[in-house]
Amino acid sequence: MDVEALEREAQGAVAAASTRVALDEARVRYLGRKSQLKQALRGVRDRESGMTLNAARERLEAAFAAREADLDRAELDRALTEDTVDVTLPGEEFARGHLHLLTQMRREIEDTFLGLGYEVFDGPEVEEVSYNFDALNTPEGHPSRSPVDTFYVSDDVVLRTHTSPGQIRYMEAHEPPVYMVSLGRCYRRDTPDPTHTPTFHQVEGLAVDRTITLADLKGTLLYLARVLFGEERDVRVRTSFFPFTEPSAEFDVSCFLCSGRGCNVCKWSGWIEMGGCGVVDPNVFAHVGYDSERWSGFAFGLGIDRIAMLRHGVPDLRLHWENDLRYLEQF
Amino acid sequence: MRVPVSWLKEYVPFDEPVEDVAGRLVISSCEVDRIVRRGVPDTDGNLGRYLVGKVVEAGKHPNADRLQLCRVDVGDSEPRQIVCGAWNFGTGATVAVALPGAVLPDGQKLEQAKLRGEVSNGMILSERELDLGVEHSGILVLEEGPEPGTPLADVLPLSDDVLELENGHNRPDLLSVYGIAREVAALLGNELAPPPGADPPRADEEPVDVQIEDFEGCPRYIGRTFRDVRIAPSPPWLKARLVAAGMRPVSNVVDITNYAMLGLGNPLHAFDQSKLRGRRIVVRRARKGEQMRTLDDTLRELDERDLVIADAERAVAIAGIMGSLESEVDDQTTEVLLEAANFEPLTIHRSSERLRLRTEGSNRWEKGVDPYLAEQAAKLATQLLVELTGARWTGDVDKRHELPERPVVHLRPERTDLLVGLRTEPDDQRTILERIGFEVALDWNVTVPTWRARDVTREADLVEEVARFRLDDVPFTLPQRTVMFGRLTKDQRLRRTVEDVLVGCGLSEAYNWSLVPVDDDPRAIRLPEPLSADQAVLRTTLRHGLIESAQRNVDGGAEDVGLFEIARVYLPTGKKLPEERWRLGAIASGGFRRAKGVVETLHEALKVELRVAAAPQPFLHPGKAARFASGWVGELHPALLDGTWGMFELDLPTLYEAVPDVVHYEDVITYPPVRQDLAFVVDEAVPAGALIDAAREAAGDELREMRPFDVYRGGQVGPGKKSIAFAVTFQSGIKTLTDEEAADLRERIVTALRERFGAELRA
Ligand SMILES: [Zn+2]
């Protein structure tokens, strides 16, 4: 018997079998009890031809097993293709709520300053006039003190008009160095319209240390502006006046809509107003008992609602307060 | 403040583009809202189409009674024929002419036209057509002098840029063209002209009767008298400047006072001297019940804190704010008393607020005008009154208290560098300060100019003066830290967890106003002067805002609504300030079970044990209301909002208090649990929670969990009874429970529940 020819023929039959039935038939023919190979094995006399036959048998068995696995897998795949879904249909729905855009902004700003090594602190919203104005060096007759602009609860208590009184409370309770931000509700007597709401949110930052400079303020504001509006942004400061800082400035970020080329949001200036800032006035330090010869500081403040409005293209500040799910679920 | 650039350049010449100058002002001095180009457009040689003309011939248009047919010499070989609708001129008048092709200030292009059959080869212009004034009943007749054909722009300010500036509270010195010129001169390093105005020779020595009774309100009063005043319209250049600066020309005398105010920043007032009873000025506080009719024809009730200018009998002006109608300069006036005074800011501010009367004058006074400035303003107005109205200056008095000394402040130049974070050479600091009028001595004692005496009193103020000229050069650095403490507090961290858990429960976050129309607590803080009745009371609960927000969403068509809010409430304390507490409130469609589920999930997430007990609230469904340690949960009373709504509100600090600092591992893996279902029949009134509490007490820690999963009422359990089925898990952390031990635990529970509640174990 020509074992080699027989094995070649059997391997050909394995490869040719395209179904389990055909494969089983081939298996009976080449490896079955009555097959030529089995018969030859039974009649073997010498060791050498026995080894040759057994080796051929083992190779054939392996070939049948491999082919069988292939055919099974192909059969399974064929069956699965009949169980096809439209993958563009939606998956299972989970009820998921949404954090308010202003909360998302709050966390983003908090995280920025936590990363810079600041604490988060917030003072009372119903605040004494002495903290809201006097301690911040705001003189009698200053327009911000007018009941036209400020909600008075009584002669000496107001709804805070900024988060700054929190700085005073913080400094009274802590020795320098100070690195803190406050974020919270503030109140001004503005009739609601698309760009004003009588309640709004402010973030205010304060740093007091041995060598704080106006340059440190500029660097910190640039860092914040780039976190909020992208790495390509620039910051500029313009001279201004606030009773609690000296020098005082306002700070602008280069327009993130037109990249400084000019558009109606930046009023064709290429800059968008962010808020106020400055070097802490020595009178403020004197009020809280810090020595302004040993310590210097900077402070800044900006409105969160307005920044959210600008960055996200919300057309009307009042949308922040209407709690319409169609608004809330977008963020 | 609007600053016409042609006027500005009279005090500080510059060649830089206006945009560049504005850009420098924005950084160092004051905000520039915009630059407005006004007047005749200065493009494509348009100004060349405006010429001085001389009327050679003027007569009635042959076909129209209301038109004049003129021949006007504009320097060409032949006079031009021009049809004109005005009659306030005749042959020989010098006029302003626009040629065909000229673009007018309003943008219209002038074409050659035929009017009633006659060609009109140009246009004779009125001051309004040139944007130089408001007069349009007649054309603009120019002074004689310029040759026909002279470019009109050489004679009149035809086109101008105007800087619209926004002025801060603390720099009244910037409320004048001269003040801005001083800044521009310093910014550009250009020469500043001396302040405008020089006294002409005095024509007489008549006494002027001025008496100041209240030097606190009025530290200085310069009174100057004039005779032979001829009231007339102002010349075109003056009108043009006022119009460009945003003021309406009235008559020469009034215009001159306004001009001096705009130019120098010191408001002035002109009285008709013949209308002052006793020819006398008294500066005093108003008398109780005193009244005055102001220039705007309004009768004003004065009070004893208002400062007034009075004559011998009555108030003739509310000081610094507005004059009286009765003492006003009118067409017949020939005698004028010019007031150049100084008023104290708070007095003016208070009166202006109380009377709700804001004027160009009050706006400057309430910011604090330099008391030394009155004299220069008087000079400028005097010069112009004599030059422009033909007046004779006949009397002068300067009544004043001691005027304040100029402050002297010491500056350490290195201090500037320390605070700014940028080196500025001492010599450069000196130059900056000197350019804006400070005198710097060799020992760095700096004398502050009178116009800055109010806002520069300390070294820090001088540092700012230097810094504001260097803002663009200041580098961007970060603080050099030696100590670090950037972390959230426990409460701040937990707040974020709470927010995230609620979002995970499918609720969205709401922001509601702190001020509500009404609150549950009658003692809640009410604003004495709320913005509206809707926002009048500081809330003591978040409930109202949430209900309203839910309602709004239902109205908007939402079907499944779930909202939460984290905010403060303001609890009255009887002390000066209320107690502000952080609260969490929520509302969700789906009723009691949904709200309770959220409360449970939250407690589970924070590892706080939740124990609830039925407790009614007036705003909740009476059978679906409960309390727990930090708040309440329930189904909203259907009378308050249509539908089935679950709500809860809790006090966050109370919840946080219960959150463990560290969670310790419990071994629930090593030894297998034994699970059983047990159902007990009890009276309807017995709550499941009471059974669980009793079971825990009886079985101890090895009762790992006992969770109710079914409540059955009906035939098999009998009336007034219910069967509660519990999934019970026994497990030990130190060994495998044997069948006997599990059976013993079960028996202890069954016994305890039978004894305490008469509970029957169902087979
Ligand atoms: Zn832009």
How long is the span from the [atom1] atom in [X] to the [atom2] atom in [Y], to the nearest 0.5 Å?
X      : Y      : atom1 : atom2 : result
A/R189 : B/E529 : CZ    : CD    : 5.5 Å
B/R171 : A/F241 : CZ    : CZ    : 11.0 Å
B/L471 : A/K218 : CG    : NZ    : 7.0 Å
B/L577 : A/E127 : CG    : CD    : 6.5 Å
B/W582 : A/D122 : CH2   : CG    : 6.5 Å
A/N323 : B/L563 : CG    : CG    : 6.0 Å

Ring geometry between A/W321 and B/Y511 (parallel below 30°, tilted from 30 to 60°, perpendicular above 60°): perpendicular
Under 4.5 Å heavy-atom distance to chain B, tell me which part of [X] shows up: side chain, backbone, both or neither.
X      : value
A/V279 : side chain
A/L221 : neither
A/F94  : neither
A/Q104 : neither
A/D111 : both
A/D190 : backbone
A/L99  : both
A/D324 : both
A/R107 : both
A/E128 : both
A/F113 : neither
A/V237 : both
A/S248 : both

Go through the atoms of [X] and report whether side chain, backbone, both or neither lie under 4.5 Å from a heavy atom of chain A.
X      : value
B/L531 : both
B/R487 : both
B/N553 : side chain
B/A467 : side chain
B/R470 : neither
B/L515 : side chain
B/V561 : both
B/Q492 : side chain
B/L502 : neither
B/A550 : neither
B/E548 : neither
B/E580 : side chain
B/R34  : neither
B/P345 : neither

So which of [options] has the biggest tally of heavy-atom pairs under 4.5 Å with chain A?
options                        : value
B/N512, B/L346, B/T489         : B/N512
B/S29, B/S508, B/A567          : B/S508
B/V463, B/L527, B/D560         : B/L527
B/R526, B/R568, B/H349, B/E465 : B/R568
B/T482, B/D417, B/I525, B/L478 : B/L478
B/V474, B/T477, B/D472         : B/T477

Worked verdict on B/K576 versus A/D156 for salt bridge (charged side-chain N to carboxylate O under 4.0 Å, His left out): CA-CA 9 Å; B/K576 193 187 258 186; A/D156 51 3; 3.6 Å; yes
Worked verdict on B/R552 versus A/E322 for salt bridge (charged side-chain N to carboxylate O under 4.0 Å, His left out): CA-CA 8 Å; B/R552 245 195 321 273; A/E322 281 169 7; 5.9 Å; no
B/D33 vs A/K267, salt bridge (charged side-chain N to carboxylate O under 4.0 Å, His left out): CA-CA, chis, key distance, verdict: CA-CA 9 Å; B/D33 283 343; A/K267 294 185 212 132; over 6 Å; no
Test log, rule salt bridge (charged side-chain N to carboxylate O under 4.0 Å, His left out), inputs A/E140 and B/R350: CA-CA 11 Å; A/E140 292 282 344; B/R350 195 166 45 219; over 6 Å; no
Select, from [options], the one with the greatest count of heavy-atom pairs under 4.5 Å involving chain B.
options                        : value
A/V148, A/V126, A/L217, A/T191 : A/V126
A/L159, A/T197, A/D209, A/T211 : A/L159
A/A95, A/P247, A/A215          : A/A215

Sub-4.5 Å side-chain heavy-atom contact between A/N283 and B/R458: yes
Sub-4.5 Å side-chain heavy-atom contact between B/R415 and A/E293: yes
Distance under 6.0 Å and angle within 45° of ring axis: B/R481 vs A/Y179: yes
Over all atoms of both residues, closest heavy-atom pair of A/S296 and B/L419: CB-CD2, 3.8 Å
Atom of B/P479, atom of A/T220 and distance for their closest heavy-atom approach: CD-OG1, 3.9 Å
Pair A/T103, B/E509: side-chain N/O donor-acceptor within cut-off below 3.5 Å: yes
